[in-house]
Amino acid sequence: MKEPDKLNIDQTHYTTRVSRRWAERKHYTPPEPGKIYSFIPGTVVEVLVSQGDTVSAGDDIVILDAMKMKNRLKSHISGKVISINVSPGDRVPKGVMLVEIA
Amino acid sequence: MALEKKIRELKEKREKMLLGGGEEAIEKQKAMGKNTARERIMSILDQGSFSEYDMFVEHDARDFGMDKKHLPSDGVVIGTGTVQGLPVAIFAQDFTVAGGSLGLMHSRKITKIMDHALKMRIPLIGINDSGGARIQEGVNSLAGYGEIFFRNTISSGVIPQISVILGPCAGGAVYSPALTDFVFVVENISKMFITGPEVIKTVLGEEISMEALGGARVHCEVSGNAHFFAMSEEECFSQIKKLVSFIPRNNDVKAKVHEPLPPDKKYDIEKIVPGDPTLPYDVKDVIRAVADNSDFFEIQEMYARNIVIGFGRLGGKTVGFVANQPMEMAGVLDVDSSDKAARFIRYCDAFNIPLVTLVDLPGYLPGVDQEHAGVIRHGAKVLYAYSEATVPKLTVILRKAYGGGYIAMSSRHLRADFVFAWPTAEIAVMGPEGAANIIFRKEITTATNPDEVRRQKVEEYKEKFANPYVAASRGYVDSVIEPSETRKLLLHALEVSEDKVVQMPRKKHGIPPF
């Protein structure tokens with residue numbers, strides 16, 4: 001038999017079973033606005049910046065073809081492009097960091 | 001004789017149609033552990049009660065070689081019959097005919113029986129086993145789906161609608177079951193998804209099997225789209241019959257009253273719930289200790305297990321039980337359990353089924369993931385559903401009823417008709433530990449022995465507030481009762497509220513936090 005789990009609610013520790021979804025939940029990480037992620041799986045059509053370029057918030061950075069749409073991924077911040085992790089033609093799953101701006 | 005000849009001709013025509021897609025296709029169907037459409041209907045309906053319509057319907061598609069294709073009954077069987085004596089309308093897609101694909105006439109047969117069900121105010125049972133849209137029929141096929149969805153929606157809350165997924169049900173087609181009241185699935189047979197593994201692989205590069213993507217288990221455990229899980233079609237059919245025994249034929253009448261039977265003596269209601277509020281137990285045992293014959297028909301057993309929902313009977317009459325489950329996640333309300341409970345409460349309210357709520361919860365689940373997943377909006381569904389429900393609402397507070405959870409779980413304040421509490425009940429704004437730490441923060445932090453002071457203060461709070469008597473002194477609880485009195489009092493409360501009438505303000509419809 002598995003040890004019964006404990007769940008802390010309002011500083012009381014309840015003996016109970018915890019669900020898999022709860023046990024495996026993603027812990028919160030603060031957002032990093034400089035990092036541009038693929039918000040959807042797709043194919044990189046074009047990277048519109050080069051390493052070292054200066055960009056402004058709202059500039060298009062990557063064109064990602066997904067769901068029959070050429071999606072324009074924009075920069076959330078102004079800064080310098082410090083890394084580019086993809087090239088045109090790359091197929092990327094969801095959640096991959098494509099370009100980093102700082 | 002001309003007449004004899006014509007009757008023989010009819011018989012021959014029927015024989016042909018009854019073969020569906022032919023012997024070879026039937027063999028394939030059997031090899032997958034599946035019954036044919038008509039066998040399924042016969043298994044669900046009372047023996048000899050099935051009356052089939054539109055057997056000779058044919059499509060008139062002309063494009064892509066369809067003019068040369070003869071599809072018996074256009075791949076779907078429709079009719080009426082009875083289940084345990086209750087009249088029902090039923091349709092079953094026939095996978096042996098063009099993969100059960102849905103074309104215009106196929107959909108017209110389904111909508112015909114749906115219209116019939118609504119007009120006659122009888123339950124509708126739909127058996128889905130289809131590869132999806134009949135692509136050759138183009139937009140006509142989409143029109144067909146749309147007409148079905150519209151009728152599902154219009155019939156919702158008027159007649160019970162039951163969906164049985166016995167094969168693939170993919171793409172837009174899945175929205176018909178999603179709009180109905182109850183979805184039955186069978187291990188290894190049912191497959192439901194909007195986009196299948198093929199598309200996911202080519203478009204997204206993710207590889208997953210059909211079973212792992214949208215199999216029976218996934219929809220019962222993870223997505224919550226299905227309500228009843230069975231290992232075989234036969235088990236599924238007996239579940240359907242059992243469900244039908246609990247529900248009324250439409251929203252104007254009550255469910256059939258059965259012979260009242262006492263609960264099984266092996267469920268000793270005095271011995272199920274531990275006194276220590278942090279210790280778990282199976283709340284289903286409490287339900288079995290009060291329900292007729294200890295018979296509890298659980299719905300969505302595998303999904304959001306921290307809340308338990310299902311049908312039982314009290315004195316022969318159907319009631320809907322909603323109970324926190326301390327054994328799972330301490331019985332908290334969270335996104336999924338709120339959604340599960342709220343929908344069931346609305347079902348019971350729509351179909352004149354009194355609600356019996358058993359309360360033992362520490363509150364809502366804390367956490368970033370819950371907050372970001374919208375626990376505010378989802379949690380509000382429970383409040384909404386209980387508040388708008390006008391069926392008799394009976395509440396028994398077994399143990400903890402803290403904070404927002406207390407309010408949400410069919411409290412007096414949401415117009416519960418009868419609120420009973422056991423002497424073990426703790427009705428308070430929050431648990432003693434949390435409350436003492438807030439109220440006596442200063443005393444605790446400034447003390448030379450904070451742990452000792454904290455323990456004292458927690459004890460003090462427990463003594464004063466962790467009981468049912470504060471709430472009873474305000475009339476929020478009608479009666480503090482011994483556990484052994486529970487069934488007797490619930491039976492009485494049901495009898496008293498048999499003809500309950502509530503006037504609600506006139507409105508077109510509310511705007512629940514979907």
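Numbers restart at 1 for each chain; the letters A, B, ... are given by sequence-line order, proteins then strands. This is a predicted model, so every value here is computed, not measured.
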How about [atom1] on [X], more than 12 heavy atoms from neighbouring residues, nucleotides or ligands closer than 6.0 Å, or not?
X: M302(B); atom1: CE; value: yes
X: I82(A); atom1: CD1; value: yes
X: Y281(B); atom1: OH; value: yes
X: Q51(A); atom1: CD; value: yes

Where does [X] contact chain A at under 4.5 Å (heavy atoms): side chain, backbone, both or neither?
X: P432(B); value: neither
X: V332(B); value: side chain
X: Y402(B); value: side chain
X: P362(B); value: both

For a quick test of reading the model, state the closest non-hydrogen atom pair linking [X] to [Y] and the distance between them.
X: R91(A); Y: K201(B); result: NH2-O, 3.9 Å
X: E433(B); Y: Q11(A); result: CB-O, 3.7 Å
X: A330(B); Y: Y14(A); result: CB-CB, 3.6 Å

What distance separates [X] [atom1] from [Y] [atom2], expressed to the nearest 0.5 Å?
X: M329(B); Y: I9(A); atom1: CE; atom2: CD1; value: 7.0 Å
X: T16(A); Y: N306(B); atom1: OG1; atom2: CG; value: 8.0 Å
X: D336(B); Y: S19(A); atom1: CG; atom2: OG; value: 8.5 Å

**OP:** Under 4.5 Å, counting heavy-atom pairs only, tell me which of P366(B), G431(B), G363(B), G331(B) racks up the most with chain A.
**Re:** P366(B)
Original post:
What residue in D10(A), V92(A), I40(A) has the most heavy-atom pairs under 4.5 Å with chain B?
Top reply: D10(A)
**OP:** Any chance you could lay out the side-chain contact (heavy atoms from CB on, under 4.5 Å) test for L365(B) and W22(A), step after step, and finish with the verdict?
**Re:** CA-CA 10 Å; L365(B) 182 62; W22(A) 172 257; 3.5 Å; yes
Original post:
Sequence neighbours excluded, which residues qualify as salt bridge (charged side-chain N to carboxylate O under 4.0 Å, His left out) partners of K271(B)?
Top reply: D268(B)
Subject >> Structural part of H13(A) lying under 4.5 Å from a heavy atom of chain B >> reply: backbone
Original post:
Hey, is the main chain of A304(B) close enough, under 3.5 Å, to the side chain of R21(A) for a donor-acceptor pair?
Top reply: no
